[in-house]
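The next block holds one structure in the form of structure tokens; read it before the comments.
In what follows, every chain begins at residue 1, and chains take the letters A, B, ... in the order their sequences are listed. As the structure is a computational prediction, the values presented were derived from the model and not from experiment.
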Amino acid sequence: MHTKNSTCIKNLVTNGTSYRWFRSEASAYAELIGIYARDGALHQGKKLHAHLITTGLYRFTHIATNLITFYACCGQLSHARKLFDKIPQTNVHRYIALIGTCARCGFYDHALAVFSEMQATQMLNTHSIFVIPSVLKACSHVGDRVTGEKIHGLVLKCSFDVDAFVNSALIVMYSKCERVEEACKVFDGMPVKDLVSLNAVVSGCAQLGLSNEALSLVRSMELHGLKPNIVTWNILISGFAQKCDLAMVSEIFSLMVEDGIEPDVVSWTSVISGFVHNFRNEEALNTFKQMLGHMLCPTSNTISTLLPACATAARMRHGKEIHGYALVIGVEEDIYVRSALVDMYAKCGFISEARTLFYKMPEKNTVTWNSIIFGYANHGYCEEAIELFNQMEVEGRAKLDHLTFTAALTACSHAGEIELGQRLFEVMQEKYSIEPRLEHYACMVDLFGRAGKIDEAYCIIKTMPIEPDLFVWGALLAACRNHGNAELAEVAAQHLLKLEPESSGNRLLLSSVYADAGKWGKVEGIKKTIKKGRHRKFQGLSWIDNI
DNA sequence: GTAGGGTTAG
């Protein structure tokens with residue numbers, strides 16, 4: 001198939017009968033490129049691309065469009081772009097294909113950039129309605145409400161607002177940008193409401209914690225003939241589960257069964273997710289067992305949701321069991337599962353298991369790298385953590401984010417690498433445009449503080465553009481106590497107390513600081529305050545006496 | 001081209 005002579009084929013194009021054959025051949029290739037794109041089979045796709053050039057089949061515009069999609073799908077954006085620019089007549093279809101693929105594969109910024117270029121070419125017309133949902137999806141993911149609203153304006157101008165796909169995408173965009181009222185307005189304005197748009201608006205409410213409103217909406221729509229499907233019920237379960245409203249979760253399970261719809265693996269995974277996010281690990285594990293009892297097979301999503309519930313030494317046994325389970329059901333190689341496993345082993349103190357798994361991974365993302373770097377840094381292997389950070393940067397395949405720098409700065413401060421830490425703090429802002437967050441400032445205070453450079457540490461606090469929190473002042477206090485700076489210790493402890501006035505722990509800390517400085521009068525004063533606080537607390541419970 | 005569950009955080 002790949003050995004056809006190009007001259008022969010070019011000749012065929014001029015012949016009517018053969019041209020038809022040639023076209024069907026092209027369609028078969030177009031389908032094959034689609035399969036390679038779906039599977040991310042870059043190598044095979046490239047070979048096919050070469051073949052298409054030599055045979056001349058490349059001249060079919062839809063083949064070229066599919067190749068662009070293929071490269072974008074495989075993450076080769078610049079390659080996709082080169083092809084796009086090479087083709088002399090850029091048409092609407094090709095723009096739609098490129099934008100759609102970028103949006104589908106997670107290259108949201110790129111999708112938006114290409115769309116604005118498309119707008120500049122005046123190529124937007126009544127056919128370009130198909131591009132609107134993709135662009136709105138990109139806006140939803142990056143939280144770009146301003147562009148989303150502009151597109152809404154365009155939708156109204158072009159009378160695209162009758163289209164169900166467009167409306168659903170608008171609802172999602174407003175929901176993700178936390179404008180649930182706007183989302184509802186779009187839904188209310190729809191002449192004919194479909195289930196997808198209902199689910200979109202229900203999801204918008206549920207994700208913002210308005211689960212009861214979401215349920216009422218479903219109920220009211222039922223009266224208008226829109227019957228909820230399993231997606232609707234799962235959205236509601238997810239909303240109530242995140243709030244750990246177990247009564248409502250079980251109510252929805254009953255309603256589903258009444259409706260003749262059986263809860264599926266997504267329903268159960270949502271419940272597990274709710275427990276894990278609320279640190280109710282035991283209940284998460286029990287729910288998992290219950291799910292297995294219903295003969296439902298977990299997916300990679302279920303496993304990666306559950307694994308963080310085992311990320312403490314006490315639950316290591318469960319973690320290993322789930323790891324074994326993931327192997328049996330064939331999801332252990334999933335990048336989310338692997339990253340969660342790396343993190344779990346590292347947190348449980350089994351750093352060598354974490355490392356073995358990490359190096360076995362053919363593809364690693366930001367979370368994978370961050371997990372292993374944190375793992376090393378938190379277990380005192382700071383040099384290894386810094387080494388891995390460098391490796392991540394050199395390899396350049398995963399994007400460094402604010403957590404990568406938190407992990408690296410933690411390693412620097414534990415290892416006493418002041419200069420490197422300072423350099424990374426600058427690199428983070430200048431090269432990666434990541435604004436320092438509180439945790440980064442806490443790391444910097446810790447970095448100087450541990451090395452006894454208390455004045456530098458305090459200088460960071462005084463000049464930082466955001467309000468320091470408990471961890472920042474806590475780092476300064478620890479440094480002051482370790483290096484005997486009673487004066488600044490008092491300042492730090494006072495701030496801690498101001499941030500958490502109810503905490504008797506902070507009061508005790510302050511009294512220790514005074515004791516260190518020999519200010520015994522002040523120590524007594526604090527002790528009295530603590531006693532008074534206790535007294536007040538018991539007074540608040542005086543109704544006990546009346547029982 | 002639109003709707004449901006996923007991994008890292010001092």
Sugar-phosphate only, base, or nothing, as touched by A:Ile235 at under 4.0 Å among non-hydrogen atoms: sugar-phosphate

Less than 4.0 angstrom between a side-chain N/O of A:Ser134 and OP1 or OP2 of B:dG1, yes or no? no

Side chain of A:Thr305, base of B:dG6: donor and acceptor closer than 3.5 Å? no

Looking only at side-chain N and O atoms, does A:Lys137 come under 4.0 Å of OP1 or OP2 in B:dT2? yes

Please evaluate the base of B:dT7 for a donor-acceptor partner in the side chain of A:Ser339 within a cut-off of under 3.5 Å? yes

Applying a 4.0 Å non-hydrogen cut-off, can you work out what A:Ser267 is touching in the nucleic acid: base, sugar-phosphate, or nothing? nothing

Pick from A:Arg355, A:His323, A:Glu353: which one makes a side-chain hydrogen bond (donor to acceptor under 3.5 Å, both in side chains) with A:Tyr345? A:His323

Short side-chain N/O contact from A:Lys347 to OP1 or OP2 of B:dA9, under 4.0 Å: yes

Round to the nearest Å and state the distance from A:Asn167 atom CG to B:dG1 atom P. 18 Å

Donor-acceptor pair (no angle test) under 3.5 Å: A:Ser300 side chain, B:dG6 base: yes

Donor-acceptor pair under 3.5 Å: do we get one between A:Asp163's side chain and the base of B:dG1? yes

Answer with base, sugar-phosphate or nothing: what part of the nucleic acid does A:Asp264 contact at a heavy-atom distance below 4.0 Å? base

Respond yes when some side-chain nitrogen or oxygen of A:His277 is under 4.0 Å from OP1 or OP2 of B:dT7, and no when none is. yes

Regarding A:Thr302, tell me which of base, sugar-phosphate or nothing describes its non-hydrogen contacts under 4.0 Å with the strands shown. base

Is any N or O donor-acceptor pair between the side chain of A:Thr269 and the base of B:dG6 shorter than 3.5 Å? no

Does any donor-acceptor pair link the side chain of A:Asp469 with the base of B:dG10 at a separation under 3.5 Å? yes

